[in-house]
Amino acid sequence: MRLLRKFYKRPTLNIAKELLGKYLIRKIGNKKLVGKIVETEAYIGPKDKAAHSFGGKITKRTKTEYLIGGHIYIYLVYGMYWQLNIVTQTAEKPECVLIRALEPVFQDKILNTKLANGPGKLCQWLKFNKSFDGEDLTKSKRIWLEKGEKIKKSQIICAKRIGIDYAGPYWSKKHWRFYIKDNLFVSKK
DNA sequence: TGTCCGATATCCT
DNA sequence: GGATATCGGACAT
């Protein structure tokens with residue numbers, strides 16, 4: 001059962017937490033790859049100095065952040081890694097959630113904890129690129145989210161976001177990174 | 001048009 | 001712990 005629009009139009013911090021345990025489905029040809037979301041980070045522009053939409057900035061890159069919740073915002077960092085974000089809220093609120101790590105879900109029992117334990121790596125695994133920018137998760141035939149597994153509140157860890165020291169102490173110390181406790185597939189163990 | 005630099009991963013010491 | 005690969009976007013010129 002695919003997640004519907006209303007899921008994505010709620011407050012970003014709630015969504016960032018509730019995305020944990022959800023299944024990300026990626027269809028490549030007639031193969032279906034499934035990853036359980038185990039780590040996220042919230043970016044709450046325009047007030048959040050660490051967000052690309054800080055100050056209400058609209059550019060060629062950030063304009064997809066201003067779509068309504070449920071779209072994909074994807075961009076390149078360091079000249080080589082794609083970063084997959086899910087847009088939340090509405091056009092007045094350019095907010096999003098960065099997907100930082102997935103636990104691969106396979107029919108067979110191969111266990112690879114290093115396949116998608118980082119925002120760049122999960123995009124390599126699932127072959128994401130610029131063509132996914134602006135894709136609608138409620139309609140797309142090649143990527144969407146499903147209900148997945150229920151994660152208890154006591155199993156969710158809140159921590160500092162990664163790699164955003166440039167935003168200054170106030171914003172960089174906000175605990176807007178969320179991951180599943182004791183999960184082997186999160187990044188930066 | 002030019003310069004600067006990053007929401008990372010990996011290899012090196 | 002530190003260096004570095006590698007390039008498009010942002011913004012200044």
Side-chain angles (χ1 to χ4, degrees), chain A residues 8 11-20 22 24 26 33 35 37-67 69-89 93-104 111-135 137 143 145 156-180 183-189:
Chain A
Y8 301 104
T12 302
L13 287 174
N14 292 6
I15 296 174
K17 281 181 248 186
E18 288 169 35
L19 279 173
L20 297 175
K22 297 277 186 288
L24 179 76
R26 169 80 171 99
L33 291 169
I37 298 174
V38 297
E39 183 177 348
T40 62
E41 269 180 17
Y43 286 86
I44 309 194
K47 63 179 183 183
D48 179 0
K49 209 170 171 187
H52 291 159
S53 56
F54 174 66
K57 203 166 54 175
I58 303 178
T59 64
K60 216 171 172 182
R61 179 174 64 158
T62 64
K63 65 180 193 300
T64 50
E65 277 203 81
Y66 293 80
L67 296 172
H71 288 83
I72 282 182
Y73 170 45
I74 196 164
Y75 68 90
L76 197 67
V77 266
Y78 304 116
M80 58 185 101
Y81 296 109
W82 294 99
Q83 306 280 294
L84 181 70
N85 297 256
I86 295 177
V87 177
T88 58
Q89 292 277 8
K93 293 186 175 176
E95 306 180 7
C96 66
V97 176
L98 170 67
I99 305 300
R100 286 195 52 89
L102 298 173
E103 173 179 335
L111 192 77
N112 185 349
T113 58
K114 298 199 162 82
L115 196 56
N117 62 333
K121 287 165 84 173
L122 71 90
C123 286
Q124 271 176 2
W125 175 47
L126 295 178
K127 297 186 170 40
F128 286 119
N129 55 49
K130 200 176 176 61
S131 75
F132 283 83
D133 195 44
E135 190 98 349
L137 286 168
I143 175 172
L145 295 186
I156 297 177
I157 308 283
C158 308
K160 272 175 63 176
R161 291 178 290 178
I162 307 271
I164 51 149
D165 289 342
Y166 64 85
Y170 180 80
W171 293 105
S172 62
K173 75 172 188 240
K174 291 228 175 263
H175 283 33
W176 286 351
R177 173 177 172 234
F178 306 99
Y179 60 92
I180 299 176
N183 187 283
L184 297 172
F185 300 83
V186 302
S187 68
K188 306 257 175 191
K189 270 197 282 296

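Computed over heavy atoms, backbone and side chain alike; hydrogens, waters and symmetry mates excluded. By convention in this document, chain letters (A, B, ...) are assigned in the order of the sequence lines, proteins followed by strands, and residues within each chain are numbered from 1.
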Fill in: Side chain of A:Leu76 (C-beta onward), nearest among C:dA5, C:dC7, C:dC11
C:dC7
Item to complete: For C:dG9, take OP1 and OP2 only and decide whether either is under 4.0 Å from a side-chain N or O of A:Lys130.
Response: yes
Going by distance alone, is a donor N or O of one side chain under 3.5 Å from an acceptor N or O of the other, for [X] and [Y]?
X: A:Gln83; Y: A:Tyr81; answer: no
X: A:Thr12; Y: A:Gln89; answer: no
X: A:His71; Y: A:Tyr8; answer: no

Discussion item. Output the rounded distance in Å from OH (A:Tyr78) to C1' (C:dG9).
Written reply: 15 Å
Fill in: Separation of atom OH in A:Tyr81 from atom P in C:dA5, rounded to whole Å
12 Å
Practice prompt. Compare every heavy atom of A:Ser187 with every heavy atom of A:Arg100, then report the nearest pair and how far apart it is.
Written response: NH2-OG, 3.0 Å
Fill in: Salt bridge present between A:Arg161 and A:Asp48 (N-O < 4.0 angstrom)
yes
Worksheet item: Parallel under 30°, tilted from 30 to 60°, perpendicular over 60°: which one fits the rings of A:Trp176 and A:Trp171?
Response: tilted
Worksheet item: Reckon A:Lys160 touches a base, only the sugar-phosphate, or nothing at all at heavy-atom distances under 4.0 Å?
Response: nothing
Item to complete: Decide whether a cation-pi geometry holds between A:Arg26 and A:Phe128; the criteria are a distance under 6.0 Å from NZ or CZ to the six-membered ring centre and an angle within 45° of the ring axis.
Response: yes
Practice prompt. Name the residue closer to the 5' end of DNA chain B, choosing between A:Glu65 and A:Gln124 according to the nucleotide with the nearest heavy atom.
Written response: A:Glu65
Fill in: Listed partners of A:Lys114 passing side chain to side chain contact (heavy atoms under 4.5 Å, CB included), at least two apart
A:Asn112, A:Asn117, A:Lys121
Fill in: chain A footprint on DNA chain B, 5' to 3' - any atom under 4.0 Å from a heavy atom
B:dG6 to B:dT10
Worksheet item: For DNA chain B, which ranges pair as stems of 3 or more consecutive Watson-Crick or G-U pairs, with both donor-acceptor distances under 3.5 Å?
Response: B:1-6 with C:7-12, B:8-12 with C:1-5
